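Counting starts at 1 for both ligands and their atoms, in listed order. For clarity, every value in this text was computed on a predicted model and none was experimentally measured.
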Amino acid sequence: MDFSYSPRTEELRQRVSQFMEEHILPRVRQHKEELEKDIFPVSFMEELKAKAKVQGLWNLFLPSLRDDEPGTRLTNLEYAPLAEIMGRIGWASEVFNCNAPDTGNMELLHMFATPAQREQWLVPLMNGEIRSAFCMTEPDAASSDATNITMSIERVGDEYVINGRKWFITNSGHPNCKIFIVMGKTDPDAESHKQQSMVLVPKDTPGVEIVRNPTVLNAFHHEGHCEILFTNVRVPVSNLLGEEGSGFALAQARLGPGRIHHCMRSIGAAELALELMVERSQQRKTFGKFLHQHGTVGEWIARSRIEIEQARLLVLKAAWMIDNVGAKAARKEISMIKALVPTVHTAVVDRAMQVFGAMGLTPDTPLADHFIWGRCLRYADGPDEVHLQSIARMEIKASQETLGQGSAYLTPPER
Ligand SMILES: Cc1cc2nc3c(=O)[nH]c(=O)nc-3n(C[C@H](O)[C@H](O)[C@H](O)COP(=O)(O)OP(=O)(O)OC[C@H]3O[C@@H](n4cnc5c(N)ncnc54)[C@H](O)[C@@H]3O)c2cc1C
């Protein structure tokens with residue numbers, strides 16, 4: 001496995017960094033001020049998207065793009081360092097049409113949409129004209145386990161009738177969000193992993209009601225993680241994505257690339273936090289010493305560097321695996337990074353906040369926002385514990401082929 005950046009990646013890294021410095025960083029203050037005034041989407045988003053598109057910094061995440069589709073067709077390994085740069089600023093990835101959950105949804109539509117679904121939803125998503133949301137989690141069912149979901153998708157003639165309640169549906173409050181990919185049960189009597197299906201539901205379909213947009217850690221996100229009620233929502237059967245009963249498999253297919261993108265951006269957030277921590281610790285003195293000269297702070301800096309490097313290498317390995325053996329064979333690596341990286345993200349940001357003193361808790365640094373998002377990622381796309389459980393299961397299964405080999409190293413007293 002070779003993780004060194006190819007000349008193409010190096011070139012794109014420089015271009016993405018330059019774009020961030022010239023067009024995105026100077027807008028951070030304005031972004032904050034507009035959100036404070038409830039101006040959303042911010043006034044300059046479309047202008048920045050148009051600039052990025054003209055420069056070819058667009059849809060950098062989709063390796064399997066067709067020749068007639070806009071984008072760069074990078075591998076996951078090539079995309080990782082670019083996503084990392086975008087991750088330094090929470091809203092930057094949207095400028096490059098590389099933001100969650102649209103990326104995961106585009107990947108899913110790219111794999112499974114019919115030509116008509118493609119034309120109606122994937123093309124405008126790839127052009128950045130609309131946004132989308134993915135509706136799986138339910139307030140009344142522990143949705144870490146997708147077999148628990150209760151939403152009913154019942155076929156009646158040429159339509160599906162949808163009833164149920166979802167929540168934490170990211171992006172659903174975005175005014176440009178036009179389409180939901182909704183997971184529910186078409187056959188509650190089938191085998192547990194074959195009960196679910198996915199259907200495409202335009203957001204303005206009668207019966208779709210956005211009930212509320214809950215804050216996360218008391219922070220309000222304009223794009224929303226909304227609670228949505230579906231009451232007798234009717235869509236044509238042609239809105240089925242994939243086949244009836246394939247919802248669970250489709251969810252798995254979607255989450256592979258989606259999870260790795262979050263982790264790539266988290267590395268960028270942690271890297272920025274470390275940079276800020278290192279700078280601040282050289283600017284402030286207590287008890288006659290710069291902060292970094294206190295052993296504890298020095299250790300935080302060192303530990304953060306070690307953890308980020310470890311996390312980045314594992315993310316690159318997972319990216320390499322997805323590129324070379326596919327997301328299914330990379331399941332363990334994907335679970336490992338998903339269980340690890342948000343923890344590293346929050347640990348490093350937390351240390352940086354502490355080094356900044358009280359200022360670390362204010363909106364004067366990006367740290368509080370990065371902390372909140374890192375903490376959210378410990379649930380989004382599956383909580384840590386579910387990934388740890390999957391890794392443990394795979395380890396146990398693998399060990400069964402070689403069971404007893406480890407015991408050869410034991411030296412208990414002979415009886
Ligand atoms: C900011 C944010 C954005 C989100 N965006 C979306 C979205 O766009 N679409 C969507 O459908 N969902 C979204 N989610 C929901 C997310 O996927 C769920 O929160 C997650 O899957 C956990 O489900 P739950 O909240 O129902 O927790 P539950 O399933 O009730 O689990 C509660 C806790 O139980 C523990 N647990 C669960 N399983 C195990 C296990 N096997 N071993 C040990 N402990 C376990 C974990 O600690 C877990 O946190 C989002 C969540 C957040 C926070």
Side-chain angles (χ1 to χ4, degrees), residues 90-91 93-94 99-108 131-151 153 162 164-174 177 179-185 196-201 203 208 210-230 241 247-248 250-259 261-263 265-266 269 334-335 338-339 342-343 345-346 369-396:
W91 52 271
S93 55
E94 186 177 357
N99 57 295
D102 296 309
T103 48
N105 293 343
M106 284 188 259
E107 299 251 19
L108 193 60
R131 306 267 62 126
S132 61
F134 184 73
C135 309
M136 186 174 78
T137 308
E138 300 179 2
D140 302 324
S143 308
S144 304
D145 175 356
T147 61
N148 282 337
I149 60 168
T150 60
M151 171 166 272
I153 303 181
I162 305 163
R165 190 183 288 267
K166 299 285 183 183
W167 80 341
F168 276 91
I169 307 307
T170 302
N171 234 14
S172 54
H174 197 303
C177 177
I179 185 71
F180 295 161
I181 301 179
V182 178
M183 181 150 151
K185 288 195 174 171
Q196 306 81 4
S197 302
M198 285 191 195
V199 288
L200 299 173
V201 179
K203 186 178 160 185
V208 173
I210 306 256
V211 179
R212 64 176 178 139
N213 178 7
T215 55
V216 286
L217 285 172
N218 286 347
F220 180 74
H221 290 167
H222 283 79
E223 72 278 18
H225 308 290
C226 301
E227 179 171 339
I228 309 173
L229 184 61
F230 295 74
L241 193 59
F248 199 88
L250 263 60
Q252 293 303 313
R254 181 188 179 280
L255 289 174
R259 283 170 178 152
H261 296 166
H262 279 312
C263 292
R265 287 186 290 267
S266 279
I334 293 170
S335 276
K338 186 60 185 52
T343 314
H345 174 156
T346 41
D369 282 344
H370 277 309
F371 181 83
I372 289 171
W373 189 240
R375 191 66 186 81
C376 286
L377 288 177
R378 293 191 52 201
Y379 306 97
D381 290 349
D384 298 352
E385 295 75 16
V386 171
H387 294 289
L388 293 172
Q389 182 190 41
S390 306
I391 298 163
R393 273 205 197 117
M394 285 184 256
E395 284 294 313
I396 297 293

Between the side chain of Lys338 and the main-chain N/O of Leu377, is any donor-acceptor distance below 3.5 Å? yes
Options Cys376, Cys135, Ser144, ranked by nearest heavy atom to atom 1 (C) of ligand 1, top entry: Cys376
Donor-acceptor contact present, side-chain Arg259 to main-chain Asp381, <3.5 Å: yes
May I ask which of Glu385, Met183, Glu138 has a heavy atom nearer to atom 35 (C) of ligand 1 than the others do? Glu385
Can a donor-acceptor pair be found, under 3.5 Å and without considering hydrogens, that links the side chain of Ser143 to the backbone of Pro139? no
Protein heavy-atom contact under 4.0 Å for atom 33 (C) of ligand 1? no
Within the structure, does Ser143 bring an N/O atom to less than 3.5 angstrom of an N/O atom in ligand 1? yes
Which of the atoms of ligand 1 are close to Gln389, meaning less than 4.0 Å from one of its heavy atoms? 41 (N)
Can you check whether Met136 has an N/O within less than 3.5 Å of an N/O in ligand 1? yes
Residue pairs meeting side-chain hydrogen bond (donor to acceptor under 3.5 Å, both in side chains), one or both in residues 210-220, sequence neighbours left out, come to Arg212-Glu227
Taking distance alone, with no angle check, do Trp373 and ligand 1 share an N/O pair under 3.5 Å? no
For atom 8 (O) of ligand 1, which candidate among Ile149, Thr170, Asn148, Ile181 provides the closest heavy atom? Thr170
For Met183, is there any backbone N or O sitting under 3.5 Å from a side-chain donor or acceptor partner on Lys166? yes
Given Pro139, Ala146, Pro383, Ala141, which one has a non-hydrogen atom that is nearest to atom 48 (C) of ligand 1? Pro383
